[in-house]
Amino acid sequence: MGPTRLRYTMIGFILGVIIVYVKALPVSEGVRFASPFYGAGIGLLIDGIIVRLKERKGNQK
């Protein structure tokens with residue numbers, strides 16, 4: 001796992017953990033406790049999009 005992939009995954013996971021501790025959000029308990037894993041997955045998706053955009057930008061030059 002590359003450093004950027006790990007970085008975005010951990011940022012998403014940490015944001016998900018913050019969501020677990022914020023009780024004022026109107027989400028169910030299941031979504032609340034699964035949010036760190038959702039955040040990690042979203043971080044991986046964002047990293048994949050960024051990598052594709054950088055590759056496409058490099059191929060056009």
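We number each residue from 1, following the sequence as shown.
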Same apolar cluster: Leu25 and Leu15, side chain cutoff 4.5 Å
yes

Path from Ile14 to Val17 over hydrophobic side-chain contacts below 4.5 Å
no

Are Ile42 and Ile50 grouped together when hydrophobic residues (ILVMFWY) are joined by side-chain heavy atoms under 4.5 angstrom apart?
yes

If you group Ile, Leu, Val, Met, Phe, Trp and Tyr by side-chain heavy-atom gaps below 4.5 Å, do Ile18 and Val27 land in one group?
yes

Can you give me the closest heavy-atom contact between Ser35 and Gly16, atom names plus distance?
OG-O, 2.9 Å

When you group the ILVMFWY residues by side-chain heavy-atom contacts below 4.5 Å and let the links chain together, are Val22 and Ile19 in the same group?
yes

In short, Arg32 meets Lys23 closest at the heavy-atom pair NH1-CA, 3.5 Å

Hey, could you give me the CD1/CG distance between Ile49 and Leu44, rounded to the nearest 0.5 Å?
11.0 Å

Treating Arg7 as the side-chain partner and Asp47 as the backbone partner, does any N or O pair qualify as donor plus acceptor under 3.5 Å?
no

Does Phe33 CZ have over 12 foreign heavy atoms under 6.0 Å away?
yes

